[in-house]
Amino acid sequence: MSVLLHNLSREREMENVHLAVEEEDIYSGYNDYNPTFDSEELENDVGFQQAVRTSHGRRPPMTAKFPGTAIGARPLATAFGARIPLASSMGRPMTGAVQDGAARPMTAVRAAGYTSSLTRGSTFDPLGQSKGPAPPLEGKNEDTPEEKIKILEKKVNDLIEESCMAQSIGALQLALEKAKEAGRKERALVRQREQSGNAEHINLDLTYSVLLNLANQYANNEMYPEALNSYQVIVKNKMFSNAGRLKVNMANIYVKQKSYPKAIKFYRMALDQISNAHKELRIKIMQDIGVVFVRMGQYSDAITSFEHIMSESPNIKTGFNLILCYYAIGDRERMKKAFQKLISVPLGIDDEDKYISSNDDNDSNMVIEAIKNDKLHQMERNLKVLAEKYIMTAAKLIAPAIETSFATGFDWCVDIVKSSQYIELANDLEINKAITYLRQKDFNQAVETLKTFEKKDSRVKSAAATNLSFLYFLEKDYDQADRYADLAMTADRYNPAALINKGNTVFVKQDYEKAAEFYKEALRNDSSCTEALYNLGLTYKKLNRLDEALDCFLKLHAILRNSAQVMYQLANLYELLEDPQQAIEWLIQVLSVTHTDPQALAKLGELYDSEGDKSQAFQYYYESFRYYPSNIDVIEWLGAYYIETQFCEKAIQFFERATLIQPTQVKWQLMVASCYRRSGNYQKALETYKDIHRKFPENVECLRFLVRLCTDMGLNEVQEYATKLKKVEKMKEIREQRVKSGRESSSRGRREGSAGSAAGVSSSVSSPKMGTLLSNTLSPVYRKTDVKAVSQPESQQTSPLLDSGRDSAHSSSTKGERLSAKMRSLPGSNEPYEASSPKEIDASYVDPLGPQMERPKTGAKRRVEDDDFADEELGDDLLPE
């Protein structure tokens with residue numbers, strides 16, 4: 001019985017053992033899939049579509065259940081057939097499967113990456129959509145006091161930044177408005193903190209920033225009282241740390257207001273509140289104190305500040321200021337010591353050799369090329385240039401003061417510079433020595449000093465030779481100027497100044513083509529050389545290449561926008577190109593730069609006159625006369641203008657001024673007398689003619705006017721002046737006969753020379769007739785009318801005032817012969833003079849102002865014209881005998 005039970009139990013145990021078949025593939029079944037994972041049926045899956053559309057909600061539960069439930073087990077097909085879960089001795093379902101009664105033993109490790117959904121109890125949800133969407137972010141509650149305070153703080157900071165940015169671009173008014181608005185917002189922020197009970201959490205840094213920015217913007221807008229008040233609010237508040245430094249800002253404002261005692265007071269207060277740890281700041285404040293003392297004229301106090309700085313932290317600017325103070329008090333020895341200190345101030349600049357590549361290492365060459373012109377190197381160069389400028393200025397200032405002569409002082413400075421790190425400045429100082437000689441009008445010493453450079457290095461030699469060439473050019477020693485210009489070019493062919501000097505020496509020799517080549521070469525070496533461009537334009541103008549000259553001056557005008565010389569040349573070129581409107585526009589631009597240039601005003605008047613605009617011409621001529629009342633051309637034009645417009649009284653003042661300028665020219669005095677006569681003041685005209693006769697007793701025109709006036713006025717002096725006129729005419733005939741005989745007996749060349757001398761003699765004893773009365777000095781406006789019968793060599797043009805008189809002068813040549821014949825028949829000095837005698841002298845004359853304008857007719861009666869028989873006696877039948 002016991003053996004039977006034992007066998008039966010063994011058989012049952014064997015039923016639960018799954019034996020593996022050798023041909024079985026242990027990885028089979030992985031190609032099978034659960035219908036749940038079928039992606040092709042997702043379109044028909046209502047739960048999946050709902051989840052995709054709504055993005056929230058859980059998927060409906062699957063219909064498959066765990067085995068052992070009330071619904072029953074759902075067998076899953078495998079490669080071995082149906083898997084039947086069996087309960088173990090502990091009640092745990094088995095994972096093995098039985099196929100054809102053969103059981104397979106279970107493995108202890110699951111397949112990697114595979115988890116059965118049956119054991120998990122959840123659906124496939126890689127995106128986690130079954131959990132639903134993430135909850136929305138919790139919104140901020142802006143109604144809370146803390147949030148309001150944070151928002152207001154941000155607005156204040158933004159306004160401060162906007163104010164600073166506006167200041168950086170130059171919008172000072174906008175910067176001030178932003179600063180004020182930031183101040184208002186900050187005060188509102190403080191009140192809000194107090195109302196919310198957080199007064200102890202006030203942001204002092206923000207308050208400090210607002211007040212400081214507001215004060216700075218007030219100062220930038222030159223609202224100094226408001227700026228001082230704002231700074232005072234900060235300084236007096238003990239809660240602000242380091243606020244004492246702002247007293248420097250307040251002192252700067254007092255300096256701008258020229259309240260120097262207050263400025264020094266605040267500088268010293270700031271200096272007391274700054275610790276010794278801030279050495280650089282203390283040095284700068286002391287330097288400001290010294291500068292304010294200089295402005296106050298307290299040089300001893302300024303020297304104390306500057307000496308302290310030079311002993312603690314020497315710098316170039318302070319050393320230069322110290323020399324100025326010693327120069328102001330006239331202390332020679334201390335000037336020398338201060339100059340030596342200035343020379344020895346370290347600049348802290350590295351050697352220039354580090355910027356020169358010394359090997360073939362490409363990496364190092366690239367680094368050198370990158371730093372050769374960077375910001376640091378530019379700063380070093382600027383510092384060195386500034387130091388050289390201060391040293392040169394100090395040497396030129398103290399050289400005449402430290403020794404008995406400025407030459408000895410310059411030599412001392414040169415020796416000191418040669419023994420310092422600025423050895424290259426020694427030659428420049430010697431050239432400045434020569435320039436100082438020039439300013440003292442000691443040209444010989446200047447030349448000797450410059451000649452000492454002929455044996456020095458090429459750069460200095462070229463500079464010295466250029467200056468020598470310039471000096472000889474000014475002295476009109478063109479050969480020496482040419483020689484030194486060649487020497488300067490030999491030493492440095494790329495020196496534009498040397499090329500310009502060479503071109504100038506060729507220019508004065510009228511070799512304009514060659515001069516233009518030198519100017520062009522100077523421009524190729526230095527395209528910004530304005531002197532070469534200007535001279536090239538003048539050369540083209542001489543060559544009558546006006547378009548090229550115009551191009552040069554237009555380029556020069558683009559460089560020198562406010563050069564009156566350039567604009568005047570442009571106006572002159574347009575005038576030569578017969579474009580008067582453009583010339584007028586350029587001359588107006590000249591006057592916008594130089595408002596009181598009398599020559600430009602006169603030229604503008606000339607152009608308007610040539611255009612026929614007399615009113616504008618008068619305006620500019622009169623302005624020219626106001627600024628320069630000694631220009632004869634302008635005076636003559638103005639006098640002529642008033643005569644043409646029938647205002648002879650106003651013309652008198654201009655001709656009287658011409659008389660003062662040229663007292664030996666009788667024509668101006670004759671014009672004054674004629675103006676009196678035309679204006680109806682015959683008595684004043686007679687006195688003027690008598691005065692002219694006393695000064696010029698041999699003047700024929702004056703005597704003729706006197707005879708005619710005395711005759712018209714019925715004076716007894718007629719016979720006296722007629723006798724004098726007869727004598728003068730006889731003397732004139734004798735001279736003319738002598739000149740005529742001299743011409744006939746001389747050769748052709750001598751004949752021409754005699755003609756000139758005779759003309760000179762005749763002009764010295766008698767006034768030229770008619771058209772030559774106004775022909776000595778004429779306005780350029782009237783240079784289109786040539787005068788044929790002129791006695792003076794310079795009298796080649798005449799004024800339109802004399803056009804009618806000139807015509808009558810030509811037509812009266814025969815009348816002059818008749819006049820001479822009648823003059824011979826005049827009675828002697830002892831015989832009574834009869835005005836009504838048929839033998840009366842023909843005291844015909846020509847008005848130097850031209851014929852009077854015809855008086856307007858006032859009646860209907862026809863005016864009786866004079867005929868040729870006016871001088872003839874009439875018989876009883878009223879016919880000429």
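Every heavy atom of this structure was used, including side-chain atoms; hydrogens, water molecules and symmetry mates were not. On a predicted model such as this, the values are computed, not experimentally measured, just so you know.
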For Ser469 and Ala481, indicate whether the former's side chain and the latter's backbone hold a donor-acceptor pair under 3.5 Å. yes
What residues form a side chain to side chain donor-acceptor pair (under 3.5 Å) with Glu717, not counting sequence neighbours? Lys690
In chain order, what residues pass the salt bridge (charged side-chain N to carboxylate O under 4.0 Å, His left out) check against Arg561, with sequence neighbours excluded? none
Show the numbers, then the answer: is there a ring-ring contact (aromatic ring centres under 6.0 Å, His included) between Phe625 and Phe654? CA-CA 10 Å; Phe625 174 76; Phe654 295 103; 5.1 Å; yes
Restricting to salt bridge (charged side-chain N to carboxylate O under 4.0 Å, His left out), what partner residues turn up for Asp597, sequence neighbours left out? none
Would you say the side-chain atoms of Ser563 pair up with the backbone N or O of Leu560, donor to acceptor, closer than 3.5 Å? no
Is the distance between the ring centroids of Tyr620 and Tyr608 less than 6.0 Å? yes
Pair Lys726, Glu729 - check salt bridge (Lys or Arg N to Asp or Glu O under 4.0 Å), show working. CA-CA 5 Å; Lys726 180 180 178 181; Glu729 287 287 344; over 6 Å; no
For Ala532, side-chain contact (heavy atoms from CB on, under 4.5 Å) partners two or more places apart: Ile500, Ala522, Leu523, Cys529
Using a 3.5 Å distance criterion without hydrogens, assess whether the side chain of Thr594 forms a donor-acceptor pair with backbone atoms of Leu591. no
Apply ring-ring contact (aromatic ring centres under 6.0 Å, His included) to residues Tyr472 and Tyr478 and explain how you reach the verdict. CA-CA 7 Å; Tyr472 283 121; Tyr478 300 126; over 10 Å; no
Applying salt bridge (charged side-chain N to carboxylate O under 4.0 Å, His left out) to Glu548 and not counting sequence neighbours gives Arg545
Sorted by chain and number, sequence neighbours left out, salt bridge (charged side-chain N to carboxylate O under 4.0 Å, His left out) with Lys724 holds for Glu720
